[in-house]
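To keep things clear, I will list the structure first and then write my remarks on it.
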Amino acid sequence: MTASSELDDSFHVFDTTLRDGAQREGINLTVADKLAIARHLDDFGVGFIEGGWPGANPRDTEFFARAQAEIDFRHAQLVAFGSTRRAGTTAADDPQVKALLDSGAPVITLVAKSHDRHVELALRTTLDENLEMVRDTVAHLKAQGRRVFVDCEHFFDGYRANPEYAKAVVRTASEAGADVVVLCDTNGGMLPAQIHAVVATVLADTGARLGIHAQDDTGCAVANTLAAVDAGATHVQCTANGYGERVGNANLFPVVAALELKYGKKVLPDGRLREMTRISHAIAEVVNLTPSTHQPYVGLSAFAHKAGLHASAIKVDPDLYQHIDPEQVGNTMRMLVSDMAGRASVELKGKELGIDLGGDRELVGRVVERVKERELQGYTYEAADASFELLLRTEVQGKPLRYFEVESWRAIVEDRPDGTHANEATVKLWAKGERIVATAEGNGPVNALDRALRVALEKIYPQLAQLELVDYKVRILEGKHGTQSTTRVLISTSDGTGEWSTVGVAENVIAASWQALEDACTYGLLRAGVQPAE
């Protein structure tokens, strides 16, 4: 296990996804998951990766053993987390402290009580003994050649209750040799101005090197982290995508982007910021959570533009409605086409899709009107790029893009007396001059239709065998006739190398699904480079 960095030690980016982030409800990491995330974080270029609490549970103990053997860290140093020694003993005799050393981690983070009530009620010891626990544990670990960071738990609440004692904990840790003393907003209740004032005062009164660990209970964790940096903190603790207990922690990605792009601080190795969107999504896949589309910098919608007014300005200069170039963080600008679209939106979207509209104002006007007309019926194109591209190509060519002509389709749902169900679909269509009739069963009528359509077409277009339906959403739109309300279906399809979305709208879910399936297959063939039928 080695690590080298192009950066100096003047500013630390410290990630605690594997410990604090793993406390999020719904996240349950295996050792393999933790190893995968550690590799992604090292690839991103953070300076420190907190791996967990060795000795506290078998999973974390195994992680440290495997990380040393299996990961060749290029940028990060691995950090073990634990607590100060127990009251009434010594650090040298404390088995939990020994487990930290046995982990082999070159850096150790100790959690220490800095709120006087927590010392007396949770630790059930005296304020002086707590200070001695901090001093003894830090000194012992330093004597063993480890780098030591101290997390002052509940620091801001403790500072509010007893500022002199909270500062005494910071001073004691620093004087004992702690490299950084981290002020933790454990309950997440602070606001940026409060954070700034406290950090500035503690820095002036103790002279310690300070870090910040912010929870997001007020929705201010990123802002609080940056406020602490403004006040003099040179160490930030964050988690990927803001994962963490309750509502989460300071989000690593907007913090790092702000430090690099807004503050001008070099906190990542060269070229790594451009990997940020990829790393964010890769970690989301490992923890099995859908990436947030509206996350700053890395979300799918972070640089998506919908309003016609914005599009007109972006056509002149993208910087007019974007605070950075999305490529700086590995993201892309997207134009969303909706009933709010103007000519500029359609022209930019056409350019994005590789379709040259040639400055044809009449053509662009027809597309705009067609989109508005269709969205009035319930279609949505901002979430169905593939269907929009098919609509756009239809207007450009003056005729629909056709690979097959559907004669008819039907779906049958059969309920049997024994409580079982049968779903069968039949599709009749023409492709390349051949009439094809195909029947298939499926897990539900839509699945049966999808299979029947594939069975019919795969003989003519073998490329369709690669397609897979990966997502299916149904929304009942507002209507005045109860069960006769309009239904919208969005389908996402993959060919193994990319994904696209299509939309269908009808008075029943089966008909709406069929429209979306038809578009999905048509777009799949277009994407595969198949020439349409004449």
Side-chain angles (χ1 to χ4, degrees), residues 216 219 221-223 238-243 247-248 250-258 260-262 273-285 287-315 317-342 344-353 371-372 374-375 378-389 391-392 470-473 475 488-494 498-503 516:
D216 202 32
V222 170
C238 308
T239 63
N241 300 319
Y243 300 145
V247 298
N251 189 334
L252 173 69
F253 302 117
V255 167
V256 165
E260 286 255 345
L261 300 175
K262 309 295 186 178
L273 189 65
R274 288 179 178 269
E275 299 298 314
M276 194 163 81
T277 299
R278 178 183 66 81
I279 296 291
S280 168
H281 294 183
I283 291 174
E285 289 297 326
V287 303
N288 200 30
L289 291 175
T290 303
S292 170
T293 57
H294 289 76
Q295 187 177 168
Y297 294 99
V298 300
L300 183 65
S301 298
F303 302 96
H305 304 278
K306 181 173 179 177
L309 179 64
H310 289 202
S312 298
I314 287 169
K315 186 179 176 184
D317 182 354
D319 290 343
L320 292 174
Y321 274 98
Q322 292 184 161
H323 68 111
I324 64 164
D325 178 352
E327 291 187 4
Q328 290 180 287
V329 293
N331 210 336
T332 56
M333 183 180 78
R334 295 169 57 240
M335 298 306 302
L336 306 179
V337 177
S338 72
D339 60 358
M340 297 174 68
S345 296
V346 171
E347 289 178 19
L348 287 168
K349 188 64 179 179
K351 184 177 180 181
E352 181 185 314
L353 296 171
V371 168
K372 291 182 177 181
R374 298 275 281 179
E375 294 224 347
Y379 291 81
T380 178
Y381 290 106
E382 65 180 84
D385 274 2
S387 286
F388 174 74
E389 183 171 343
L391 180 152
L392 184 58
V470 294
D471 197 15
Y472 177 82
K473 294 185 176 71
R475 182 176 176 186
R488 178 166 66 216
V489 168
L490 286 166
I491 285 177
S492 293
T493 306
S494 172
E499 248 180 61
W500 58 93
S501 296
T502 52
V503 61

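- Note: Asn331 CG to Gln295 CD = 10.0 Å, rounded to the nearest 0.5 Å.
- Distance CG/Leu261 to CG/Asp325: 10.0 Å, rounded to 0.5 Å.
- Side-chain contact annotation: Ser492 with Ser501, donor-acceptor N/O pair under 3.5 Å present.
- Smallest separation of non-hydrogen atoms from Cys238 and Asn251: CB-C, 4.2 Å.
- How far CG of Leu273 is from CD1 of Ile279: 11.5 Å, rounded to the nearest 0.5 Å.
- Between the Asp216 side chain and the Ala221 main chain, a donor and an acceptor come within less than 3.5 Å of each other.
- Side-chain atoms of Arg374 do not come within 3.5 Å of backbone N or O of Tyr379 as any donor-acceptor pair.
- No donor-acceptor distance shorter than 3.5 angstrom exists from the side chain of Asn241 to the backbone of Pro291, with no hydrogens or angles considered.
- The heavy-atom pair separating Arg274 from Glu327 by the smallest distance is NH1-O, 3.1 Å.
- In this structure, Val222 and Pro254 approach most closely via the heavy-atom pair CG2-CG, 4.0 Å.
- Within a 6.0 Å radius of CD in Glu499, more than 12 heavy atoms belonging to other residues, nucleotides or ligands are found.
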Full working for side chain to side chain contact (heavy atoms under 4.5 Å, CB included) between Tyr472 and Val489 = CA-CA 7 Å; Tyr472 177 82; Val489 168; 3.6 Å; yes

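- When atom types are taken as modelled, the side chain of Ser387 and the backbone of Thr502 share no donor-acceptor pair closer than 3.5 angstrom.
- In Asp471, the CG atom is crowded: over 12 heavy atoms of neighbouring residues, nucleotides or ligands sit closer than 6.0 Å.
- Interatomic distance, CD1 of Ile283 versus CG of Leu252, reported as 7.5 Å (0.5 Å rounding).
- Two residues are said to be in side-chain contact when any heavy atoms from C-beta on lie closer than 4.5 Å; Tyr297 and Ile324 meet this criterion.
- Between Val329 and Phe253 there is no side-chain heavy-atom pair separated by less than 4.5 Å.
- A distance of 8.5 Å separates NE2 in His281 from OG in Ser292, rounded to the nearest 0.5 Å.
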